[in-house]
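Working notes for the structure below.
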Number of protein chains: 2
Amino acid sequence: MSITDNTGSRAGRRLGYLFKHAGMLMSERNDAALVPFGIDPRELGVLIVIDSYEPASQQQVAERIGVDRTTMVAMLDALQAKGLLSRRPDAEDRRRNVVELTPAGHDILGRATAASDTAEEELLAPLSPEEAGQLRELLGRIVARG
Amino acid sequence: MSITDNTGSRAGRRLGYLFKHAGMLMSERNDAALVPFGIDPRELGVLIVIDSYEPASQQQVAERIGVDRTTMVAMLDALQAKGLLSRRPDAEDRRRNVVELTPAGHDILGRATAASDTAEEELLAPLSPEEAGQLRELLGRIVARG
DNA sequence: TATTGTTATACTCTATAACTATA
DNA sequence: TATAGTTATAGAGTATAACAATA
């Protein structure tokens, strides 16, 4: 088997296909799991990042998630309209908005994260716990490296 | 560690985030690797599927890739305009188009697949060969299960 | 001059509905 | 009636350019 022959030619074994379809299956499960909380998976990601780094500016949140700051505006508008976060001018640099979770935001974050954890477990059901952990670790190494 | 605590609350450890960003990194490398061949990763996927199943109808190709048949039309238009595949009415059922690779399509398929294999190897560089194989196997099991 | 948040705009990818030709 | 391919259209998600406020 040559060095360029490790995948065969089948489309279903290509990494691009596998990442895309694994992500689609994860999205479907996460979408369903989060319906009771009135948020979608992207919004949960925003809540998690804010919780991990608050107080943070809008741009810092956008960078952590990997979207443009102009994309972040509408996401934060939606979450603020749902009462899950607040924006206020940074006293030290009034160009910035400090973004923080409200009590309702913390509540939804905790329960939605638990529901999403369950959705992940369901997707990983074909794997043993050891394999699930290794999958997460291997993906983490690839994404960390870029 | 509780059953719902296996991922922690960090956004970077969520499966949805990992799949999405791993896919984005793969796309970047594949995009660059395929520039010399004048096709993008989605088009390579179409060529691979046609090569694996020809003669096939447009709808069969669409189903194999997981897109709607209306989406397939423009993809095939582009690949046909590049001279990489041909469409002809199925003699047995003239509602169908039989889609086949041209000689140029076979040539591009072979060289583009090799370039994409190299791109995959580069993305997986942080992993040992054994780990790379296991990642592919674990992803394949998840996607196969749905 | 440079940066943050914002708005307007446009682009990519995809699906739904409706049409046609064939079955 | 039902199906394969096509077209028109619309929606989701994203980015780029330009602007106001602030540094």
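Order of the sequence lines sets the chain letters (A, B, ...), proteins ahead of strands, with each chain counted from 1. These numbers come from the heavy atoms of this one structure, side chains and all, not from hydrogens, waters or symmetry mates.
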Whole-Å gap separating [atom2] ([N]) and [atom1] ([X]):
{"X": "Asp93(A)", "N": "dG5(C)", "atom1": "CG", "atom2": "C1'", "result": "11 Å"}
{"X": "Gln59(B)", "N": "dG5(D)", "atom1": "CD", "atom2": "C1'", "result": "9 Å"}
{"X": "Ile65(A)", "N": "dG13(D)", "atom1": "CD1", "atom2": "C1'", "result": "14 Å"}
{"X": "Asp90(B)", "N": "dA21(C)", "atom1": "CG", "atom2": "P", "result": "19 Å"}
{"X": "Met24(A)", "N": "dA12(D)", "atom1": "CE", "atom2": "P", "result": "17 Å"}
{"X": "His21(B)", "N": "dT14(D)", "atom1": "NE2", "atom2": "C1'", "result": "13 Å"}
{"X": "Asn97(B)", "N": "dA21(C)", "atom1": "CG", "atom2": "P", "result": "14 Å"}
{"X": "Leu76(A)", "N": "dT7(C)", "atom1": "CG", "atom2": "C1'", "result": "15 Å"}

Distance criterion of 3.5 Å, no angle test: do you see the side chain of [X] paired donor-to-acceptor with the base of [N]?
{"X": "Thr70(B)", "N": "dT14(C)", "result": "no"}
{"X": "Arg69(A)", "N": "dG5(C)", "result": "yes"}
{"X": "Arg95(B)", "N": "dT3(D)", "result": "yes"}

Ion pair [X]/[Y], N-O distance below 4.0 Å:
{"X": "Arg69(B)", "Y": "Glu63(B)", "result": "no"}
{"X": "Asp117(A)", "Y": "Arg14(B)", "result": "yes"}
{"X": "Glu100(B)", "Y": "Arg88(B)", "result": "yes"}

If the cut-off is 4.0 Å, is [X] near the phosphate of [N], judged by side-chain N/O to OP1 or OP2?
{"X": "Lys20(A)", "N": "dC13(C)", "result": "no"}
{"X": "Arg42(B)", "N": "dT12(C)", "result": "no"}
{"X": "Gln58(A)", "N": "dT4(C)", "result": "no"}
{"X": "Thr71(B)", "N": "dA15(C)", "result": "yes"}
{"X": "Arg94(B)", "N": "dT20(C)", "result": "no"}

Of the nucleotides [options], which one has an atom closest to the side chain of [X]?
{"X": "Val73(B)", "options": "dT14(C), dT6(C), dG5(D)", "result": "dG5(D)"}
{"X": "Arg87(A)", "options": "dG5(D), dA15(D), dT6(C)", "result": "dT6(C)"}
{"X": "Asp68(A)", "options": "dT14(C), dT16(D), dG5(C)", "result": "dT16(D)"}

Practice task
For salt bridge (Lys or Arg N to Asp or Glu O under 4.0 Å), just list the numbers for Lys82(B) and Asp77(B), CA-CA rounded to whole Å, side-chain angles, deciding distance to a tenth of an Å, and then say yes or no.
Solution key: CA-CA 9 Å; Lys82(B) 293 171 188 171; Asp77(B) 285 348; over 6 Å; no
Problem - Over-ring placement of Arg111(B) relative to Phe37(B), 6.0 Å and 45° cut-offs - result: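 No, Arg111(B) and Phe37(B) do not form such a contact.
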Practice task
Quick one: closest heavy-atom pair of Val98(B) and Pro55(B), and the distance?
Solution key: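 Nearest heavy atoms, Val98(B) then Pro55(B): CG1-CB, 3.5 Å.
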Problem - First encountered from the 5' end of DNA chain D, between Met75(A) and Glu92(A) - result: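 The 5'-side residue here is Met75(A).
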Problem - Contact nearer the 5' end of DNA chain C, comparing Arg96(A) with Asp77(A) - result: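 Its nucleotide being nearer the 5' end, the pick is Arg96(A).
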